[in-house]
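Here's the structure, in structure tokens; my notes come after.
Order of listing sets the numbers, starting from 1, for every ligand and every atom in it. Just so it is clear, the values below take in all heavy atoms, side chains as well, and ignore hydrogens, waters and symmetry mates.
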Amino acid sequence: MDLPAELVRALDRGLAGASPKPLAGAVERLMAHYRGTVGMATDHPLLSRREDVVAYAAYRMPATYAAVRSALGAFAALAPTWAPGSHVDVGGGTGAAAWAVADAWPTVGRTTVLDWAGPALELGRELAAASPVLARTAEWRRQRIGAGLEVPGADLVTVSYVLGELTGEDRERVVAEVLARGRVVAVVEPGTPAGYRRVLRAREQAIEAGWSVVAPCPHGAACPVVPGEDWCHFAVRLPRSSVHRQVKGGSLGYEDEKFSYLVASRTPLPTARHRVLRHPAQRKGMVTLQLCADDLTVRRTVVTKKRDPDLYRAARDTSWGDAWPPEGDTVRPR
Ligand SMILES: C[S@@+](CC[C@H](N)C(=O)[O-])C[C@H]1O[C@@H](n2cnc3c(N)ncnc32)[C@H](O)[C@@H]1O
């Protein structure tokens, strides 16, 4: 997935003044934090200094953008006529999800980014000046997720890579609050067993609140992917800029971001019939797909050229994370 050109240029400009050594040190600290070698929930913002925020924007923002954009793309494919008039991004930091929403729905009328880290919001605002959509729509507001959290009502609320930084109590609280205030909610977490567990709990909360699960799941019944045995996650490949390569080390021109996600809606919307849960395995004349299926199971299906040439061609073009089958792939809400 390509990043918006305006975001790439804005990041390059935003990082241009940073001296490499302190930036590399700040990236190292953040990496240690996100790898879980230090405690995750804190009682003060981790992104409290400009150099930490710049490091975050260089090291993580392109990947979190790509994960959110990918999740929103899966949702938009199921609801092509739906578009949000307003968007709130909770724990939005430097605005990755705001950029993703602006890219998916440039007609969005108002975007409010909430975070407790002032320097993150400041850099977010500076970067967003380069986006024709966000320059017009975005408001950047200090807000702590905790007791007394108030999320403005919005058509779409995103909570991206935030739940892992919160205490269990605040996690429950923020999900309950966005379900009370939003019409569609997207939760995105790292594609790890722990990230998946947090998404699964948000999914339970949404279902308990009477919401409909739209993506990635084909249904709102119990998730057939059992924590401890496996975890539901997807991946998106994104290009690394040269600054990105400098701060992260390594020479690859791309990286793969793994993520887990949930999109749920207050009112029912179509879902995928099945969802592809792994890279399809291709052999001559045959594609094997691992599916989360509408019969509430995870199962394999083998598509052969001999038996069904059209479906086989479609299977060859199908990727991990796609809806299956690709055409007429939605199930109307019952
Ligand atoms: C990993 S960053 C994700 C930022 C952004 N959502 C993204 O996807 O790139 C986590 C964000 O959550 C914010 N955050 C963590 N705990 C918070 C709290 N208790 N109240 C408000 N914001 C919080 C942090 O300041 C940070 O910006």
Side-chain angles (χ1 to χ4, degrees), residues 3 7 10-11 14 26-27 29-36 38-50 52-72 87-103 111-125 127-128 134 138 140-151 156-175 177-178 185-192 194-195 198-199 202 236 238 244 257-261:
L3 305 176
L7 177 57
L11 281 171
V27 167
R29 283 197 297 280
L30 284 177
M31 283 168 78
H33 185 85
Y34 292 128
R35 279 196 208 112
V38 292
M40 285 302 268
T42 57
D43 57 4
H44 58 278
L46 178 68
L47 302 177
S48 57
R49 290 178 308 185
R50 177 81 181 185
D52 295 326
V53 175
V54 169
Y56 180 83
Y59 154 56
R60 287 300 296 153
M61 189 180 174
T64 59
Y65 166 86
V68 178
R69 184 65 187 84
S70 182
L72 296 179
H87 166 222
V88 171
D89 186 23
V90 183
T94 53
W99 280 85
V101 170
D103 189 62
T111 291
T112 311
V113 183
L114 307 175
D115 204 286
W116 67 352
L121 296 171
E122 262 161 49
L123 181 61
R125 188 186 290 114
L127 296 173
L134 295 178
W140 304 80
R141 226 189 264 175
R142 284 284 278 275
Q143 168 79 62
R144 185 189 183 105
I145 300 165
L149 169 68
E150 277 183 30
V151 171
L156 173 64
V157 184
T158 49
V159 187
S160 134
Y161 289 81
V162 177
L163 297 181
E165 299 208 356
L166 304 176
T167 61
E169 195 184 359
D170 283 346
R171 234 177 268 154
E172 297 277 316
R173 180 181 277 137
V174 71
V175 173
E177 174 69 6
V178 300
V185 165
V187 175
V188 184
E189 283 288 297
T192 59
R198 293 190 289 267
V199 169
V236 58
L238 64 142
H244 198 182
E257 174 67 11
K258 298 206 169 113
F259 62 98
S260 293
Y261 77 96

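Residue-level proximity to ligand 1 for Leu166 is carried by the side chain, the only part with a heavy atom below 4.0 angstrom. With a heavy-atom cut-off of 4.0 Å, Arg60 does not touch ligand 1 at all. Residue Ala120 does not touch ligand 1, judged by heavy-atom distances below 4.0 Å. Residue Thr64 touches ligand 1 through its side chain alone, judged by heavy-atom distances below 4.0 Å. Only the side chain of Tyr56 comes within 4.0 Å of ligand 1, counting heavy atoms alone; its backbone N, CA, C and O stay farther away.
A distance-only check finds a donor-acceptor pair linking the side chain of Asp115 to the backbone of Gly93 [under 3.5 Å]. Side-chain N or O atoms of Glu189 include one that pairs as donor or acceptor with a backbone N or O of Leu163 at under 3.5 Å.
A 4.5 Å side-chain heavy-atom check between Leu123 and Arg50 finds at least one atom pair inside the cut-off. Proximity of Leu134 to Trp99: side-chain heavy atoms (C-beta onward) are separated by under 4.5 Å at one or more points.
Here Glu172 pairs with Arg201 under the salt bridge (charged side-chain N to carboxylate O under 4.0 Å, His left out) rule; sequence neighbours left out.
Here the shortest heavy-atom distance to atom 23 (C) of ligand 1, taken over Tyr65, Tyr161, Trp116, belongs to Trp116. Of the candidates Leu121, Asp170, Ile145, Val159, the one placing a heavy atom closest to atom 19 (N) of ligand 1 is Ile145.
Shown in contact with Ala117 at under 4.0 Å from a heavy atom are these atoms of ligand 1, numbered in order with element: 25 (O). Counting atoms of ligand 1 from 1 in the listed order, those under 4.0 Å from a heavy atom of Gly93 are 27 (O). Within ligand 1, counting atoms from 1 as listed, the ones closer than 4.0 Å to a heavy atom of Gly92 are 5 (C), 6 (N). Residue-ligand proximity, Ser160 to ligand 1, at heavy-atom distances under 4.0 Å covers atoms 3 (C), 5 (C), 6 (N), 7 (C), 8 (O).
Residue contacts with ligand 1: Asp115 is placed with a nitrogen or oxygen under 3.5 Å of a nitrogen or oxygen of the ligand (distance criterion only).
When all heavy atoms are compared, the tightest approach of Gly146 to Asp170 is CA-OD1, 3.6 Å. When all heavy atoms of Ala186 and Leu72 are compared, the pair lying nearest together is CB-CD2, 4.2 Å.
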Would you tabulate the side-chain donor-acceptor contacts of residues 61-68 under 3.5 Å, counting partners in other chains and residues two or more places apart, or write 'none'?
{"from": "Thr64", "atom 1": "OG1", "to": "Met61", "atom 2": "O", "distance (Å)": "3.2"}
{"from": "Tyr65", "atom 1": "OH", "to": "Asp103", "atom 2": "OD2", "distance (Å)": "3.4"}

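For Gly146, the heavy-atom gap to ligand 1 stays at 4.0 angstrom or more.
Here Arg173 pairs with Glu169 in a salt bridge; the nearest charged N to carboxylate O distance falls below 4.0 Å.
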